[in-house]
Structures are given as structure tokens and as C-alpha cells.
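Nothing fancy with the numbering, it's 1 onward along the sequence.
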Amino acid sequence: MVKIGSAPTASTLRHLEDNPALERWVESGLPLHDRSDTCKFCGHELPHDLLEAFRAHFSKDLADHKSRVEALLARVKAATLTLNLPKAAELNAQFRKRYTAAREPLPAAVELFNKAIDQLAKEVQCKADDPRRAMEPSPLVPGLESGITDAVASVNRLIDENNALASNFTAARAKALLRARYHHVKQFDEEQKAEGRERRKAQLAARRDALVSYCENLKPVISNLQAQISRAQKGRETINERLLSMLGSEAVQIQVVKDASNQERFQLVRKTGAVARNMSDGERTAIAFSYFLTKLQEIKPADFKDTIVYIDDPISSLDANHIFQVTAAIRAMFFEQQDKNAPWQTTCRQLFISTHNFEFFNLLREIKPVASSKGARLYLIRRVSDKSSTLEDMPSSLARYLSEYHFLFEVIHRFHKAPDKTAQEVLMLLPNAMRRFIELYTYSRLPGPKDSEQVDERAESLFGAERAKRILKIFHYFSHGNTLDRLAGNNELIFNLEHAVKDLIDAITETDKAHMDALIAASQA
């Protein structure tokens, strides 16, 4: 706490005390009149008693007191702090974050301290200007000094740690280098041991592969020798060739084994030689079809020309890659050309092929036998009830176009234009056709990653939420039941069928008229 006392007042002049500016003026001019009785300001004679009164007013005690006040003022002004801290970048990286946090409170603490010093300097200056007036300085904010000293101590500790690290760098580096040498020696030792083990494993694996390869090379030699003496082996070779062509690999093959009575039998095996179990639907289809074609080859060519062959969906459960192999096998087996430019002719009397796969259907249509200038006859099997179907000519939309999409639209448009909406032949295909058509149309307009799961959302985006709900709700229900009894048992829903179809036709016409016009033209051509 700084306390500022008052000056002695033994021989003072009241009018000078009451006017500090005048007092300072007189005090500054008094030394000029030590040997003169004439006023330096106005030139008049100065009374001797007045000079003595002035000298008594500015006594030695007052001068000493003013000197102490001036010295105090200089100390107060010198107490102002200035920050000059190292930059965080000058410290090692591991100390920078802590150093920044430690020095963060210093600027505010120093600023608060300097404000207190400025205030005290102003008050001491006031005392210097009026030394005889007693003054009590303003109280200082508690903790001014400790806030700065604590923060400075934290900063210094971090700087000391950083300097200690730099001082011990040489010893620490030598220790780290020694540990690194030990590590690399240990690592080299382990790598050498592992390399020896891997070299031995590679040698054994190469020997194993050589033996396996030798055995595999012997298998076809053995099979060929057996095929020369076995009719079953000859059939096995033909079937295996077809399986290889259809499946694209030797995942399933047929081998000939002898049963307990020493009779040769076919056995399905995997490429590893293990008996084939848990075969997929596609593998079973390929085996059955290959066996069927091979059995047909047992018919003499003369008799085969009078044979009627019916093949029911030979590509069931096969993926798109295998459909081409099946089509090629059918063409090679049942069609021939007399020369390169001659039309195709059937090798049997008549060939029927049924399928529900449009891609396979389109591939078959590319084969145009000589029996018809327009290609093969096309029929559609239409289900009229749970236990009854009828065979009719293929709709023109399917016969002319390689698209399921045109056929679906023809079914919908035929119902839309039919005068009797409850006719059985109109109703039976409508629910599934409607649902499938909406899936294809909405996906073509709004393709997405999950087309089968978002048909309702796509329909709402294209047709509006209310209209999409009217269209889809009834067909979600009816598409899971395609019998006339179910339709006839819901008269109010049959009534809604007509409006749902009309909503769909109107929605596409309003938003995509060119598309609708093209569909109608295709179905009527």
C-alpha cells in the first residue's frame, strides 16, 4: 500500500496554499531573486520581508517532501510491466500446447496491473502538484501481483523443461540410437528365422503342387482309356462337354462307377473328386438338360427326323450368361443348314420350346427355320383358372417387339378399352401386368439403387401421392391372387380396378404424352 503524507505547514502563506498554480510559479521564480531586490517580472522593488516570507513558505522540509513525492512518482511509473515472451514455435513440439495455455492468462493480468499503476501514477502526480494536501490513494485490486507471478512461474517451468530437454539431447539421442540398434538386430534375427521357415514351406508346397498336377494330368489319360472300352464313358464325355459349355467350368462333372453288381452307373462329382451334394437349381437344370440332349443323340438319324421334341423352360434357374450357351446347344442339336447361305431346317419333325424368360424367348426368335418365312410359330399359354389354361396366338405386341413392356401395356390398354370390364379373359392378367408395368415405367423414369423397394415412392413422385395410392393399393392386393373367384368376390374392388387403370393412363398421358402415344401406336400396329 502506498501512503502519500502531507507537507510541513509551519511557515506558510495561505493565499499560496489555496492557489497551487501560483505557488508553483512563485517557487520556480524564487531562485532568480537571491541577490536582487527588484522583481524580474515587473521590475518593481521587492520588499525584503516579502522575500523572506516566500523563503519561509518554501522551507527545506517542503523541498524534501516534494523530492520524496517526485521519487515516488518515478518508481510508480517505472513499475509498468511489458511482456516479452518467447514464441511457442521456439519451444519443442511437445511443450507448445502447454506453453500456450500457461501464457494465456498473462496479457490480461499484466493489463490489469498496468491499469492500476496508471491510476496510482495519476494520484501521485496530483500529490506532486499539490504537496500540502493530504491524499489517500485508491485501493488496489486484490491478487494483482499473484496473478502475474503464478502465470510467470508456470511459463518458466515449461521453459526450464524445454531447456532441460535441449541440454540432455545428446545423451537422449545416444540412448535412442542404442535401442534402435538392439531393435534392428532382433528384427533381423526374427526375419532370418521366418525366411528359413517360409523357404521350407515353399519347397514343400512346390513338391505338393507337382504331385497334384501329375495326378491331375493322369486323370484324363485314365478317363480316355476307359472311354475307349466303355459305352457309359462315351456318354459321360458328351454330357461333361455340355456341362462345361453351359456352366462355364468343371464345377460339376459325371464319372462312371460300378455298383455292387458290377454295372456301370453315372455319379455326379465336384472338381475335387468329392460326390456332388447340395447342388444349386441352376446346376440341376444344366445336368438334366445335358443328359436329355445326350439321350436324344442315341436316336438314329432316320428316326430322329420323325421325332417330336418338347423342351420346357431349359434355362430355369440359370443366369443370363448361360442362356446363350443353352440357345447355342439347341440350335446345334435341332437346326441345320445345307450350306452357308441356305435357310435353317429342323433336324427333327417338330420342336416345341416353352419359357417364361423374355431374353431366352428373344434369342430363340432369331432362329428362322424354313418351315415358316416369318420364323417359328409363336403361342401364349394363358391361365384361365387355377387348373385350366388355354393356348392362343402370341399377342402382336410380343410377336412384333422384343419387349415385355409392350405386352404389359397391351393387357392394361385392352382392359381400359374393353366394354365389359368383368370379362374373364381381360381380368386374369391385369393385376400382375399392372404391377409389373408400374415397376418398369417408374424405374425407367426414376432409376435408383433399390428399384424393387421404392416403387411406391417413385409412383408418388411421378403421379402425386393421392393418385399413386389409388393406383397401387388395389393392385398390391390383386397381384397376389390371380383367380376369377377372388376377383368376383370383391365387387367394390372390381369397380375400383377400372378407375385405377384410368388413373394410370391419365397420369402418364398428362405428364408423358409422347410416351403414351408411342405405346398405343405400338399396341395397335
Side-chain angles (χ1 to χ4, degrees), residues 319-320 356-362 380 382-383 394-483 486-487 490-525:
D319 59 34
H356 65 275
N357 185 286
F358 274 85
E359 185 177 1
F360 181 55
F361 169 69
N362 290 331
L380 178 69
R382 185 185 300 278
R383 178 180 293 180
M394 183 72 68
S396 58
S397 58
L398 285 180
R400 290 193 309 273
Y401 298 98
L402 304 180
S403 169
E404 173 191 13
Y405 188 62
H406 292 86
F407 169 69
L408 296 173
F409 176 77
E410 186 184 51
V411 172
I412 297 169
H413 194 254
R414 180 153 35 104
F415 172 84
H416 181 61
K417 294 299 184 180
D420 182 8
K421 297 293 193 293
T422 61
Q424 176 178 344
E425 63 274 10
V426 177
L427 284 177
M428 291 310 300
L429 290 177
L430 183 63
N432 284 322
M434 185 77 168
R435 180 170 58 86
R436 179 62 176 157
F437 177 82
I438 295 174
E439 289 177 353
L440 294 174
Y441 175 75
T442 58
Y443 185 68
S444 68
R445 293 289 307 279
L446 300 174
K450 299 180 179 178
D451 56 292
S452 61
E453 298 177 5
Q454 298 179 348
V455 60
D456 290 49
E457 298 175 10
R458 296 197 304 269
E460 289 182 6
S461 298
L462 292 173
F463 306 144
E466 183 178 350
R467 178 178 278 177
K469 183 66 68 176
R470 290 200 309 268
I471 295 172
L472 291 170
K473 179 178 179 181
I474 188 169
F475 291 107
H476 280 329
Y477 173 79
F478 276 124
S479 63
H480 297 290
N482 50 7
T483 65
R486 184 169 187 180
L487 294 175
N490 297 273
N491 293 328
E492 71 283 357
L493 293 180
I494 291 176
F495 179 77
N496 289 335
L497 283 173
E498 178 180 355
H499 294 286
V501 171
K502 184 177 184 302
D503 277 337
L504 176 65
I505 297 294
D506 292 345
I508 298 177
T509 302
E510 293 169 7
T511 60
D512 200 355
K513 188 174 184 305
H515 188 85
M516 176 58 67
D517 292 343
L519 285 174
I520 294 175
S523 64
Q524 295 176 350

**Student:** If I compare all heavy atoms of R470 with all of A500, which pair ends up nearest, and what's the gap?
**Tutor:**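 Closest pair (atom of R470, atom of A500, distance): O-CB, 3.9 Å.
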**Student:** First locate atom CD1 of I438, then atom CG of D456, and finally report the distance between them rounded to the nearest 0.5 Å.
**Tutor:** 9.0 Å
**Student:** Considering all heavy atoms of both residues, which atom of S461 and which atom of L446 are nearest to each other, and what is their separation?
**Tutor:** CB-CD1, 3.7 Å
**Student:** So that I can tick it off, tell me whether E439 and R436 are bridged by a salt bridge, with the cut-off set at under 4.0 angstrom between side-chain N and carboxylate O.
**Tutor:** yes
**Student:** Compare every heavy atom of I505 with every heavy atom of T509, then report the nearest pair and how far apart it is.
**Tutor:** OG1-O, 2.7 Å
**Student:** I need the minimum non-hydrogen distance between A433 and I412, along with the two atoms involved.
**Tutor:** O-CD1, 4.1 Å
**Student:** If you round to the nearest 0.5 Å, how far is CE of M434 from CG of L497?
**Tutor:**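 One finds 8.5 Å between CG of L497 and CE of M434.
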**Student:** Step through it carefully: locate the ring centre of H515, locate the ring centre of Y441, and say whether they are under 6.0 Å apart.
**Tutor:**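 Centroid separation for H515 and Y441: below 6.0 Å.
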**Student:** Salt bridge check, E510 against R467: does any charged N sit closer than 4.0 Å to a carboxylate O?
**Tutor:**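 A salt bridge is present here (some side-chain N lies under 4.0 Å from a carboxylate O).
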**Student:** Can you tell me how far the CD1 atom of I471 sits from the CZ atom of R435, to the nearest 0.5 Å?
**Tutor:**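 It is 15.5 Å, given to the nearest 0.5 Å.
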**Student:** Got a second to check how far R458's CZ is from F463's CZ, nearest 0.5 Å?
**Tutor:**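 Between R458 CZ and F463 CZ, I get 10.5 Å after rounding to 0.5 Å.
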**Student:** Kindly compute the distance separating OH (Y405) from CZ (F437), expressed to the nearest 0.5 Å.
**Tutor:** 3.5 Å
**Student:** Set out, in order, the CA-CA distance, both residues' side-chain angles and the distance that settles side-chain contact (heavy atoms from CB on, under 4.5 Å) for I520 and M516, then state yes or no.
**Tutor:** CA-CA 6 Å; I520 294 175; M516 176 58 67; 3.9 Å; yes
**Student:** Check the orientation of H413 and H416. Use parallel for under 30°, tilted for 30 to 60°, and perpendicular for over 60°.
**Tutor:**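 Because their plane-to-plane angle lies in the 30° to 60° range, the rings of H413 and H416 count as tilted.
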**Student:** Can you tell me how far CD1 of I508 sits from CG of L462, rounded to the nearest 0.5 angstrom?
**Tutor:** 9.0 Å
